[in-house]
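Chain A is the first sequence line, chain B the second, and so forth, proteins listed ahead of strands; every chain is numbered from 1. Values reported hereafter were calculated over all heavy atoms of this structure, with side chains retained and with hydrogens, waters and symmetry mates removed.
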There are 2 protein chains.
Amino acid sequence: MRADARRNYDKILATARIVFTERGTDSSLDEIAKRAGVGPGTLYRHFPTREALVDALMQDWTDRVSADADAAIATGLPARQMLLGWFEHFIDHITLHRGAASKICAAMDDPASPMYRKCRVMSDANRRVIDHLDADGQLRPGIDAANVMRLVSGVASVADTSHTELDVRPMLEVVVDGIVHD
Amino acid sequence: MRADARRNYDKILATARIVFTERGTDSSLDEIAKRAGVGPGTLYRHFPTREALVDALMQDWTDRVSADADAAIATGLPARQMLLGWFEHFIDHITLHRGAASKICAAMDDPASPMYRKCRVMSDANRRVIDHLDADGQLRPGIDAANVMRLVSGVASVADTSHTELDVRPMLEVVVDGIVHD
DNA sequence: GCTAAAACGGAGACAGTCTCCGTATTGTGG
DNA sequence: CCACAATACGGAGACTGTCTCCGTTTTAGC
């Protein structure tokens, strides 16, 4: 990659991080280009779609989410607390930029999406937590990690979409009660 | 309301129902106007926002959803089956037009939305089911009907957003297990 | 029929997406 | 160190969708 290309790539990414945080992941891409001091053509060459841009920004998250999952397992807490903590961390991360949660929901089951691979990393992180507890006999029989991921992403999406500041805790408690063994 | 106004109003609504079913609730409004044989101005005079149009189409649903809730209660089935049946019916209705579910999620906690009143009707329907079972002692203590509604709408939204045909049943089972008494 | 009120519709302003291609920048072999 | 491919830039502009304004048409009551 040429030096100027790398420079612009980084500049666009840094600007996108700011704008997406300020105004959500549906902000105008041309405006991001303008604020980054590049032409729209340059932005679209580096990131052909909005999803590709969101995907590039997600890199940090997937690392942190993955680490969070392992940290949750390491606590050795009972299933209820472990899951609640893990889910809350997960939701905190994916709702960092408004609109991201629902994009992740959509990408999760769409291998054609540029974000699919990142979603898999997060799904795998979740699977580790679920498998760990399942092996321990702490979960109801027949719990499918993929469905748990979808459910929790759904909660994130609802919280993110809602115009009021919504507390996700009560919803997560229902989900957790539906997962853990009686 | 003048005769021509009524005529156009109905024509727009009928067309929107077709187009929203074919291509989802994010279809071009100008195209709906064109296919209805009216000018864009006419469409926007009757329905100032896309939400207002979706709202008008939802009228049927709210009635049916309300009836479904009462029908579910009337079955007298145990909580698990009653809730599963009710939730599935509810989701079937609100995912009739692609994109509607997430709009409903957003409107549910936004009194400023034109759809807010319709959402309330559906929330009330859900509350009847929940209250009925709760009075019967079949639910865990502290279950909040509003959160149940958000959770189930979230499941609907996930299913609707997903690019694959997603079976909502397993997710609903988790939710139901989280609601009903051990 | 006449008239005022109500409603129509489409031209066009505006905003966002995305592309094409002439111009500029880079780095490499001589 | 410089010439020249290869690579990347950027902005004009095509395109699509939203939404408004206002001259024209339709309606309903007298």
Return yes if some donor-acceptor pair links the side-chain N/O of B/Arg140 with the main-chain N/O of B/Gly178 below 3.5 Å, else return no.
yes
N or O in side chain of B/Thr42 less than 4.0 angstrom from C/dG9 OP1/OP2:
yes
Check the distance between C/dG27's C1' and A/Met1's CE and give it to me in whole angstrom.
16 Å
Could you tell me how far apart B/Glu31 (CD) and D/dT18 (P) are, to the nearest whole angstrom?
10 Å
Taking only side-chain nitrogens and oxygens of B/Asn8, does any of them come within less than 4.0 Å of OP1 or OP2 of C/dC8?
yes
From CD of A/Glu51 over to C1' of C/dT17, roughly how many Å is that when rounded to an integer?
15 Å
Residue-phosphate contact under 4.0 Å: B/Ser28 side-chain N/O, D/dT18 OP1/OP2:
yes
Pick out the pairs of N or O atoms, protein on one side and nucleotides 19-23 of chain D on the other, that lie under 3.5 Å.
{"from": "D/dC19", "atom 1": "N4", "to": "B/Asp30", "atom 2": "OD2", "distance (Å)": "3.0"}

Test side-chain hydrogen bond (donor to acceptor under 3.5 Å, both in side chains) applied to B/His163 and A/Asp110, step by step:
CA-CA 6 Å; B/His163 293 212; A/Asp110 175 19; 3.2 Å; yes
Please find out if less than 6.0 Å separates the ring center of B/Trp61 from that of B/His97.
yes
Between B/Asp55 and B/Arg117, is the closest basic N to carboxylate O distance under 4.0 Å?
no
Any A/His46 side-chain N or O less than 4.0 Å from OP1/OP2 of D/dA8
no
To the nearest Å, how far apart are A/Asp4 CG and D/dG10 C1'?
12 Å
Think B/Arg6 has a side-chain N or O under 4.0 angstrom from the OP1 or OP2 of D/dT27?
no
Let's test your reading of the model: under 3.5 Å, does the base of D/dA8 pair with the side chain of A/Arg2 as donor and acceptor?
no
Taking for each residue the nucleotide of DNA chain D bearing the nearest heavy atom, is the 5' side occupied by B/Asp26 or by A/Val38?
A/Val38
Quick one: do B/Asp68 and B/His93 satisfy side-chain hydrogen bond (donor to acceptor under 3.5 Å, both in side chains)? Show the steps, please.
CA-CA 10 Å; B/Asp68 279 346; B/His93 278 122; 3.3 Å; yes
A/Lys34 NZ to C/dT17 C1', in whole Å, measures 14 Å
